Protein chains: 2
Amino acid sequence: MKTLLSGDRPSGSLHLGHLLGSLEARVSLQSQFNSYFLIADIQAHTDNYLRPEEIKAFALDLVKDYISVGINPSLSSIVLQSSLTPLLELTQILSHFTNLNHLKQNPTLKTELAQRKVNNLSFLSYPVSQAADILGFGAEVIPVGIDQTPIIEFTNTLAKGINQHFKTTLLSPCEALLSPVSRLKGVDGSSKMSKSMNNCIFLKDSADEVKKKVYKMFTDPSHIHVHQPGKIEGNVVVYFLDILDPRQAELADLKAQYQTGGVADIMLKNRLVDIINARLEPIRAKRKELNDNAYLLNILKQGQADSLSKINKVIKPIKELFYLSL
Amino acid sequence: MKTLLSGDRPSGSLHLGHLLGSLEARVSLQSQFNSYFLIADIQAHTDNYLRPEEIKAFALDLVKDYISVGINPSLSSIVLQSSLTPLLELTQILSHFTNLNHLKQNPTLKTELAQRKVNNLSFLSYPVSQAADILGFGAEVIPVGIDQTPIIEFTNTLAKGINQHFKTTLLSPCEALLSPVSRLKGVDGSSKMSKSMNNCIFLKDSADEVKKKVYKMFTDPSHIHVHQPGKIEGNVVVYFLDILDPRQAELADLKAQYQTGGVADIMLKNRLVDIINARLEPIRAKRKELNDNAYLLNILKQGQADSLSKINKVIKPIKELFYLSL
């Protein structure tokens with residue numbers, strides 16, 4: 001089986017965008033690949049270094065999220081980035097070969113540096129840390145969104161350069177597995193569901209919180225009375241129904257009726273609330289069972305042990321290429 | 001006893017400039033301090049990453065240099081930087097707190113970036129790596145030349161910032177122990193003895209190599225015949241005699257005579273050859289005994305063990321402040 005590496009920064013709770021965009025795919029991929037899911041706490045710190053206690057809590061919470069959506073620790077490894085010090089050795093080695101101009105031209109990094117208004121060394125270096133994660137695991141397949149493909153190219157450029165110079169095959173290039181799902185909008189209708197934009201439905205939201213968030217969604221402001229025709233263009237509730245409704249034929253009829261008149265916004269909203277809650281309920285139920293921190297830490301310890309045996313095979317010979325072995 | 005940290009990049013052999021500028025001081029300091037001498041191979045790679053085999057050889061050679069000048073492994077620890085992975089964990093944590101503008105304004109780094117014409121991430125980051133070395137060892141005393149004091153200030157600024165934000169005393173500020181010896185000129189009379197300028201007398205040079213180098217030294221070009229007066233200003237042989245001659249009264253007479261006429265350049269040169277060889281001979285003799293690589297590696301292993309127990313005490317609680325402990 002090929003090795004797959006994916007993960008998340010534990011800088012917030014996972015939301016519906018994560019579920020549709022990556023988590024569900026991971027659940028189905030874990031039987032096809034030797035999968036490692038990285039809780040990238042070092043990366044989370046690059047722009048959250050002043051609040052480590054929060055990041056620690058999010059990291060543990062991410063283990064809950066992963067297991068509750070169906071990531072199975074006996075099929076996959078869930079692993080804490082900071083528990084894998086050999087990755088830092090590889091990061092350090094790769095940083096020798098990282099040209100600063102090349103790094104700063106990375107489109108993903110450029111966008112993020114501008115968005116986050118950070119100017120610290122660790123943030124500038126995070127693509128190198130990601131490259132070390134990928135190459136350290138010898139990961140062959142990296143599920144990514146289209147906006148993250150520059151990271152894959154950056155990683156492969158580094159790997160090829162080093163392999164060529166030292167006439168070796170110690171570093172294995174990786175391949176992007178492009179997510180077929182486009183980015184989910186926020187509950188406010190803006191282009192991206194994102195914690196920093198405060199427009200998320202979180203996996204751990206209660207049924208009532210989901211209801212409140214859906215009830216606040218924008219529909220059609222000119223649709224005041226039930227009998228009036230409603231617009232579906234720009235209607236956020238309809239946007240989410242289009243994506244989430246399992247009965248699309250019934251939804252098509254309902255939308256047609258809405259457009260001619262006779263369907264209340266609240267009816268669409270209640271339909272959406274039920275659909276989202278039906279989807280989140282098993283996740284919530286599973287999450288409730290995960291209240292033993294020792295159990296969660298044990299999963300991370302197991303992930304650490306699995307990962308160390310994997311990454312040491314890759315990193316040790318690379319380290320020996322560069323540094324004296326004692 | 002306070003902890004002292006010093007060291008060298010193993011990117012070349014040590015020379016007379018090192019001996020007078022730092023090595024002899026270290027030998028006398030090792031009984032007053034708990035001393036660690038770091039063979040900074042990771043740092044050497046920042047601008048030598050394409051030739052790791054050479055750096056490995058220089059690293060092992062540096063152990064020979066240290067022991068032959070009188071560093072005593074039973075009093076001090078000689079330690080290979082790459083053998084201390086916890087330092088990378090601390091480097092990583094410090095890099096969160098390293099503002100890129102502040103880093104780039106570091107005068108030492110600025111000068112070196114310009115001189116070496118490098119533009120890679122690891123070189124830009126090396127002051128952070130040095131800060132991690134210092135803070136990781138909890139080193140209180142750092143012997144430095146005047147041009148390196150910005151590194152000490154940079155380190156203390158990082159330490160104080162982190163201590164203040166987290167209301168802790170986990171990181172200990174350090175103090176520079178300024179070298180009283182000014183920089184040694186090269187055999188070509190240029191301002192600095194430096195491997196890259198090819199103007200060094202190396203500690204491992206043979207008596208014959210020393211003779212050849214001294215014979216090539218610039219004296220006074222207008223001093224053609226023995227009976228003519230010779231100038232001592234700008235006379236490189238006289239410069240080295242002034243610094244190295246143990247019989248300064250006799251040298252004063254000789255210089256006076258040289259200036260009035262009657263002293264041949266070759267006489268001054270032979271005097272200098274003898275003085276340098278007398279100084280280097282015991283070092284050479286000691287070096288000859290150090291031909292067992294296993295013995296040298298063992299010294300580094302001992303240094304690693306000593307250092308790990310020292311740095312783990314400092315770095316573990318800092319890591320726990322930032323990252324989840326498994």
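Lettering of chains follows the sequences in order, A, B, ..., and the numbering in each one begins at 1. In this text the structure is predicted, and so the values were computed from the model without any measurement.
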| message | Report which part of A:Leu88 has an atom under 4.5 Å of a heavy atom belonging to chain B: side chain, backbone, both, or neither. | response | both
| field | Engaged part of B:Glu320 at the chain A interface, taking heavy atoms whose separation is under 4.5 Å | value | backbone
| With no hydrogens and no angle check, do the side chains of A:Asp41 and A:Ser82 hold a donor and an acceptor under 3.5 Å apart? | yes
| query | B:Gln304 versus chain A, heavy atoms under 4.5 Å apart: side chain, backbone, both or neither? | reply | side chain
| message | What part of A:Leu80 gets within 4.5 angstrom of chain B, counting heavy atoms only: side chain, backbone, both, or neither? | response | side chain
| Heavy-atom proximity to chain B below 4.5 Å, by part of A:Ile93 | neither
| field | Under 4.5 Å from any heavy atom of chain A - which part of B:Val118 | value | neither
| query | Heavy-atom distance under 4.5 Å to chain B: side chain of A:Gln302, backbone, both or neither? | reply | neither
| field | Qualifying residue, where the test is ring-ring contact (aromatic ring centres under 6.0 Å, His included) with A:Tyr49 and the options are B:Tyr323, B:Phe322, B:Phe97 | value | B:Phe97
| query | Would you call A:Arg287-A:Asp61 a salt bridge at under 4.0 Å N-O? | reply | yes
| Going by an N to O cut-off under 4.0 Å, is there a salt bridge joining A:Lys286 and A:Glu289? | no
| remark: d(B:Arg26 CZ, B:Tyr66 OH) to nearest 0.5 Å is 4.5 Å
| Region of B:Ser325 that comes under 4.5 Å of a non-hydrogen atom in chain A | backbone
| Which answer fits A:Leu50, side chain, backbone, both or neither, if we ask what part of it has an atom under 4.5 Å from a heavy atom of chain B? | both
| said: Given heavy-atom pairs under 4.5 angstrom as the criterion, report whether the side chain, backbone, both or neither of B:Asn48 touches chain A. | reply: neither
| Checking side chain to side chain contact (heavy atoms under 4.5 Å, CB included) for the pair A:Leu113/A:Phe123: CA distance, chi angles, key distance, verdict? | CA-CA 8 Å; A:Leu113 277 171; A:Phe123 200 90; 3.5 Å; yes
| Relative to chain B, which segment of A:Ile39 carries a heavy atom at a distance below 4.5 Å: side chain, backbone, both, or neither? | neither
| request: Tell me whether the guanidinium CZ or amine NZ of B:Arg9 lies under 6.0 angstrom from the six-membered ring centre of B:Phe58 and within 45° of its axis. | output: no
| message | If you define the side chain from C-beta out and look only at heavy atoms, does anything of A:Leu100 sit under 4.5 Å from A:Leu124? | response | yes
| Where does B:Ile42 contact chain A at under 4.5 Å (heavy atoms): side chain, backbone, both or neither? | both
